[in-house]
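Notes to accompany the following structure.
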Amino acid sequence: MADKIKVWCFLLFLLRLVSNLQNCAHAAPQVPCFFIFGDSLADSGNNNNLVTAAKANYRPYGIDFPNGTTGRFTNGRTVVDIIGELLGFNQFIPPFATARGRDILVGVNYASGASGIRDESGRQLGDRISLNEQLQNHAATLSRLTQLLGTKQAAENYLNKCLYYVSLGSNDYLNNYFMPSNYTTSRLYTPDQYAKVLIDQYSQQIKLLYHLGARKIALPGLRPIGSIPYSFSTLCRNNVSCVTNINNAVLPFNAGLVSLVDQLNRELNDARFIYLNSTGMSSGDPSVLGFRVTNVGCCPARSDGQCIQDPCQNRTEYAFWDAIHPTEALNQFTARRSYNAILPSDAYPTDISHLIS
């Protein structure tokens with residue numbers, strides 16, 4: 001135990017050192033633009049005007065965010081907000097819903113709460129923008145960039161230099177596979193079969209993104225979603241074996257994503273793809289990093305996992321903001337290890353800082 005604590009303390013020291021170095025290192029962004037595809041872990045306001053329960057445009061969401069309540073599903077910055085800062089951007093990447101004119105030159109955030117790889121995932125919550133629709137929105141952005149830059153070739157050359165972050169799949173489990181009363185997938189597929197179905201579809205979607213100009217693509221794996229407060233209390237009714245089953249069910253997806261990264265790097269050799277090990281980054285003793293509460297969210301939540309009451313005051317001591325989404329404190333830890341891996345297992349075959357170099 002003492003050795004583990006020493007390792008985690010050393011990791012924390014390195015994270016702080018990297019943070020301090022990066023705060024003074026970059027006068028200009030390391031890439032011209034940053035494009036984000038995802039779900040509520042990255043949504044920055046795209047769901048605000050949709051007819052859905054999956055929106056976060058009300059207090060106390062954003063209580064610690066510089067611009068207040070924006071539609072982010074946490075108390076402060078998301079992982080992609082922090083990665084954007086590490087890349088050197090001095091502004092947050094605008095959501096597609098409000099990006100106008102030359103805003104898109106720094107990138108666009110297409111992420112939508114409750115969205116998934118599969119179009120139907122999350123439908124019981126209301127409207128959402130699935131990955132297929134997010135890709136359609138990016139095609140529209142390419143057209144707008146062509147107008148701004150003069151030719152389609154100029155737009156594609158510009159996009160080739162950008163970073164792409166594509167993080168979906170959680171809702172294909174939480175708001176699909178593990179909701180048998182709303183969806184049939186758990187009756188049609190074993191966990192291994194379902195992971196293959198998801199990865200096969202994801203592969204086609206990522207290849208479409210490649211054909212739309214993407215050449216530097218980061219693909220985070222799924223975190224241990226059985227261990228989030230929502231799964232433990234709502235899906236599993238405090239049943240530990242249920243938590244284990246959910247965590248085990250997503251392992252084939254992560255393994256398939258690693259294999260997909262290898263395949264894409266072979267087949268599309270003028271592009272680079274990396275895998276970010278969200279599960280590995282979540283392992284270890286959270287108390288060493290200052291998190292004292294990991295089994296409930298800082299903000300009391302309703303049955304679908306979102307905030308309904310005033311939050312706790314000691315937010316930096318909580319790993320989760322509501323019953324689903326991490327606090328800014330945990331997002332900082334994940335973002336920094338994604339950008340600059342502390343352990344070899346954090347990213348494969350390299351981290352974001354080397355992907356863009």
- Kindly determine whether F291 and F320 satisfy ring pair (Phe, Tyr, Trp, His ring centres under 6.0 Å), including the steps that lead there. CA-CA 9 Å; F291 298 114; F320 291 95; 9.2 Å; no
- Message: Please determine whether disulfide bond (SG atoms under 2.5 Å apart) holds for the pair C236 and C242, giving the CA-CA distance in whole Å, both sets of side-chain angles, and the decisive distance to 0.1 Å.
- Response: CA-CA 5 Å; C236 291; C242 169; 2.1 Å; yes
- Message: Using the rule given for salt bridge (Lys or Arg N to Asp or Glu O under 4.0 Å), can you reason through D172 versus R118, listing the C-alpha separation, both sets of side-chain angles and the distance that settles it, and then say yes or no?
- Response: CA-CA 7 Å; D172 297 293; R118 295 173 66 92; 5.3 Å; no
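Judged by distance alone, the side chain of S121 and the main-chain N or O of G116 form no donor-acceptor pair under 3.5 Å. At distances below 3.5 Å, not a single donor-acceptor pair connects side-chain atoms of Q309 with backbone N or O atoms of C299. The main-chain N or O of A139 is never found under 3.5 Å from a side-chain atom of R144 such that the two would form a donor-acceptor pair. Looking at D43, its side chain does come within 3.5 Å of a backbone N or O of G113 through a donor-acceptor pair. Distance alone, capped at 3.5 Å, is enough to place a donor-acceptor pair between the K55 side chain and the L50 backbone. Under a 3.5 Å cut-off, the side chain of N75 and the backbone N or O of I63 do not form any donor-acceptor pair. Counting only distance, with no hydrogens or angles, the side chain of T190 and the backbone of Q193 share a donor-acceptor pair below 3.5 Å. Within the 3.5 Å criterion, the main-chain N or O of Y318 finds a donor-acceptor partner in the side chain of T327. A distance-only check finds a donor-acceptor pair linking the side chain of N109 to the backbone of A42 [under 3.5 Å]. Of the possible polar contacts, one joining the S353 side chain to the Y339 backbone as a donor-acceptor pair under 3.5 Å is found.
Atom CG of D119 sits in a crowded spot, with more than 12 heavy atoms from other residues, nucleotides or ligands closer than 6.0 Å. For R292, the CZ atom counts as loosely surrounded, since its 6.0 Å shell holds 12 or fewer non-hydrogen atoms of other residues, nucleotides or ligands.
By the criterion of side-chain heavy atoms lying less than 4.5 angstrom apart, applied directly or through intervening Ile, Leu, Val, Met, Phe, Trp or Tyr residues, L163 is not grouped with L159; the two fall into different hydrophobic clusters. Hydrophobic clustering places L105 together with L212 (ILVMFWY residues linked when any side-chain heavy atoms are closer than 4.5 Å, directly or through intermediates). Placement of Y202 and I217 within a single hydrophobic cluster is found when ILVMFWY residues are connected by side-chain heavy-atom separations under 4.5 Å, directly or transitively. Both V197 and M179 sit in one connected hydrophobic cluster of ILVMFWY residues. Membership requires side-chain heavy atoms under 4.5 Å apart, directly or through other members. Residues I36 and I104 do not share a hydrophobic cluster, clusters being chains of Ile/Leu/Val/Met/Phe/Trp/Tyr side chains in contact below 4.5 Å.
Rounded to the nearest 0.5 Å, atoms CD (Q332) and CD (E328) are 5.0 Å apart. L209 CG to L131 CG: the interatomic distance, rounded to the nearest 0.5 Å, is 8.5 Å. A distance of 10.5 Å separates CG in N248 from CD1 in I246, rounded to the nearest 0.5 Å.
The pair D81-R72 counts as a salt bridge, with a side-chain nitrogen and a carboxylate oxygen less than 4.0 angstrom apart. Electrostatic pairing of E85 and R77 counts as a salt bridge here, judged by a charged N lying under 4.0 Å from a carboxylate O. Salt-bridge formation is not detected for the pair E133/R128: no Lys NZ or Arg NE/NH1/NH2 atom is positioned less than 4.0 Å from an Asp or Glu carboxylate oxygen. At a threshold of 4.0 Å, the pair D200-K196 counts as salt-bridged, since one of the basic side-chain nitrogens sits closer than that to a carboxylate oxygen.
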Let me check something: any side-chain donor-acceptor pairs from residues 219-230 under 3.5 Å, sequence neighbours excluded? List them with distances.
unit_1, atom_1, unit_2, atom_2, d
R223, NH1, I324, O, 2.9
R223, NH2, I324, O, 3.0
S227, OG, N247, ND2, 2.9

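A ring-centre distance under 6.0 Å is found for Y173 and Y194.
Annotation: cation-pi geometry satisfied between R215 and Y210 (NZ/CZ under 6.0 angstrom from ring centroid, within 45° of ring axis).
Between S115 and S112, the closest heavy-atom pair is OG-O, 2.6 Å. Here the closest heavy-atom approach between residue V79 and residue A335 is recorded as O-CB, 3.6 Å.
Within the structure, every pair that satisfies the ring-ring contact (aromatic ring centres under 6.0 Å, His included) test and touches residues 108-158, not counting sequence neighbours, is listed here: F35-H138, F37-Y110, F37-H138, F96-Y110, Y110-H138, H138-Y164.
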